[in-house]
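For reference, the structure is listed below as structure tokens.
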Amino acid sequence: MTAVVALIVLLPFAAAVAGLLATRLGTRTERMAYRRAAWFAIAPGAASAALTVWLAVALAHGTGVSEGRFWSELLPGRVEGTLTVVETGSVPISLTLRADGLSVLAGILVVVVALAVQVYSVGYMRDEPRYPSYSAFVSLFTSAMLLVVYAGDLIVLYVGWEIMGLCSYLLIGHWWEDRANSRAAVKAFLVTRLGDVGFLFGIFVLGAAAGGFRIDDVLRADIPRGTLVAATLLLLAGVAGKSAQVPLQTWLPDAMAGPTPISALIHAATMVAAGIFVVARLYPAFLAAPPTLDVLGVVAAVGMLGAALAALAQDDLKRVLAYSTISQLAYMAAALAAGSDRAAMFHLVSHGAFKALLFLCAGLVIHHVGSNLISHMGGLRTALPVTFWTMTIGFAALAGLPPASGFFSKDAVISAIEHGTGPAQPFVYASALLTVGVTGAYAARAWLRTFFGPARIEPLPEPPPGVAHVFDGREAPPSMLWPAGVLAVPALLLGLAGPAAGVEVEWGPAAVSLAVALLGAGIVYALWRAAPEQDPARLLGPFRAPCERAFHVDAVYAALVVRPVLRLARGVVRADARVVDGAVRGSGRATLGLSGLVRLAQNGNAQLYVTGLLAGLVLIAVAAVVLT
Amino acid sequence: MHVVYPVVVSALLFSIGVYGVLARRNAILVLMSVELMLNAVNLNLVAFDVWLRDRLHGGQVLTLFVIVIAAAEVGLGLAIVLAVFRTRRTVDVDRLRALAEVVRAPDPGRPDGEGAS
Amino acid sequence: MTSQAPGLWPPSGPEVVFLLLGAVAVGTALLVVTTRQLVHAALWLVVCFGALAGGYLVLTAEFVAWVQVLIYVGAVVVLLLFGIMLTRAPIGPSAGLDSGNRWAAALVAVATAAVLVTVVVTGFRTAYAPLHPGQGAAEPLGASVFRIWVLPFEALSVLLLAALIGAIVLSRTDIRGRE
């Protein structure tokens, strides 16, 4: 069984290696390389997905150790295998893989979305010369994410965690010819790195306190509460970085500079959810540290409402979805903070499905229109019927309208928050309800502005890189439509599996949140009906500009962090050039100057030499006479 | 005869020779100064020979040898001075600066061709 | 040797003579290194060497004295005069006989003199050498040279030969060095 788990992880990795090294081996044309890269990308992904399903079935019938976690009834099985234990001299690192209900739940999400995205990319990146490296990086990312999911040891998990960050960087900067894209990639890399420092130290604290990095050992170890709070707070920094939570959320909207499938896979469905997953994985440790959960709750409450408001004001469709991702991730964080990892994971999976779907549909729309901006879209309902219906499902799930999956999962989250404890609970609950309304509003706005109203298609004469392809007025190829259609199924129906997974709908809070969501959507609809030409975002009034700029967090960070750091860096460079190099050059120059002085004596006049010689001789004689 | 008298005279002669060697510009004058120094040494040798009553007369014999060598040295030295004079048209020792580096700030007071070879 | 040494003052007769001759030698030597006329320098050198020869006589080294007169006064100074002539040195006073190194040279020379005089006076204040005429006559010296010092003597003759050849080679313009 462990071999199967290892195979699930290693297949995409092998695909990445093959994709990087072997696509152009012996191929004569770009076309052949492209086709071979597509095979390399899809076949192992499909195999991995099949194995994951098989593993899920096996675990469902397995009789493992019941740990009292939420998945124990559904998937009681459990597999764990250690390849080797690396002795480090102090705390050993075990190369351990484990698969249990949580892993399989996240693993299925990863492989399905990854497979869908790979298939979708075949069409989306059709004319892309760097497609082989692109698909290889997606495979590498899949492998890394699966490693995180199936890691049985915190260090192994961290390895996958960092490789994900690297792939994210590489793929955001896929169209690096545009300066803005490479800047966005660097920004994403640096911001997540900032969180990862805390994450790594959190791992160290946990490992040192537990005497080992194996997750089971860590969770079973008797760690003092203070240590646990410190460790979980440090881990929280990494989670905030990876899952784009306040205060490290700023990288995610900029990360939309990458290709849209990447946004779907990495920056919506999987990698950003890894932070939530890690908290769920180590949930007993977090539960034992209530201050950390309070912090998480406040962070989530601020993040969900702020991001939703920002999403309401954005004009770029992908940025709308990006901010909505931050907001939805904050929901999961809030559920975790309220004490329900079940609700968080439920929302994680359903969100992964419907957000990936939304991004893929957004890619279809952008593919068609040739622009990212909502103000360039409109009236696409007739031109893109398939896209319209799938995206409608996605938006319904996002807004939490029944019977889409989002309704059930969001209801689970909100009722979890309602039942939550802790000093911040009222605040979080209020924020969550408000956000439901705002979510309905921005989902309705994006939906209406994209598919209804007058057509505003203005194909750009020369599409800039990273945005669009040739406008042809038709719907996208089937390889792009199929993944969206397939993802629409879980986005629509996954919620119905909720009761099977032990999530019962609480109809009271559900009705309240549905009413709030409909209220938000209704306001936007009313505004839109009044003036279809105008952006319903005007309802924000004077707050529209700050919302559009995400409350100027970027500017504040630029003033508080970026510019001082840059100034410091310039200072360091100057100090290096002037002081360090200056000392080196100065010593050289001083030596030259001094030797120049000495050289004055070496003027070729032999008499001068003899004078010096005799003077020295006399001095020595005097010294000899005086000193003896 | 107190030994200190010839020895002091010898020391003074030697110092005068040193001054001559260091201060004189003309090579022939430098040679003369060298002769003064040699003579100072000779005087020393003779004085100590007399004082020590050397049965082998080492001091005086050595004086003779030094005189002979001095004669040879003057002969050779003058030949060298003449050779230098033939090639450089000068016997001023402070203008013979071929020992110095070739690359040098131009010295307007120096005849061309000096030190550049 | 220092057993019945008389005091330094008053000096005995030979000592007075020697001191006078020494004063002449030192004085003329000073003139040699300070005069502004090349030829005068050579001539003052003759006087200096002569005075030294007198000093050798007083010290009972008569053979050395005659050799001094013969070789130094007779040969060396003549050679030097030839040199002066052949290098077309100006006859009469000339300004540029001292180099710019002069003051450093004076300093070093004075320091040398001070050190040497201090050392020899400290070392030989009480040394006394009784004079026995005939000690440095030609006969004992010749016997010594040809009995005991004959090997250095022969070596010296070879050296003289070499110097002779060298001087000839250096002075003849038609013998070129190997390029």
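Since we're looking at a predicted model, the values are computed, not measured. Letters go in sequence order (proteins before strands), and every chain restarts at 1.
- Dense packing is recorded around CZ of B:R86, with more than 12 heavy atoms of other residues, nucleotides or ligands lying under 6.0 Å away.
- Within a 6.0 Å sphere centred on OH of A:Y169, heavy atoms belonging to other residues, nucleotides or ligands number 12 at most.
- In B:F85, the CZ atom is crowded: over 12 heavy atoms of neighbouring residues, nucleotides or ligands sit closer than 6.0 Å.
- Distance check: B:L22 CG to A:T611 OG1 gives 4.0 Å after rounding to the nearest 0.5 Å.
- Here the CG-CZ distance, from A:L608 to B:R97, works out to 8.0 Å after rounding to the nearest 0.5 Å.
- Within 6.0 Å of atom CZ in A:R578, 12 or fewer heavy atoms from other residues, nucleotides or ligands are found, so the atom counts as exposed in its surroundings.
- A:R130 CZ: more than 12 foreign heavy atoms inside a 6.0 Å radius.
- Taking non-hydrogen atoms and a 4.5 Å limit, the residue list of residues 55-72 of chain B in contact with chain A is empty.
- Around the CZ atom of A:F13, the shell of radius 6.0 Å holds no more than 12 heavy atoms that belong to other residues, nucleotides or ligands.
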>> Show, in sequence, the C-alpha distance, side-chain angles and deciding distance for A:Q607 and B:V30, and conclude whether the side chain to side chain contact (heavy atoms under 4.5 Å, CB included) test is met.
In response: CA-CA 10 Å; A:Q607 273 187 323; B:V30 171; 4.1 Å; yes
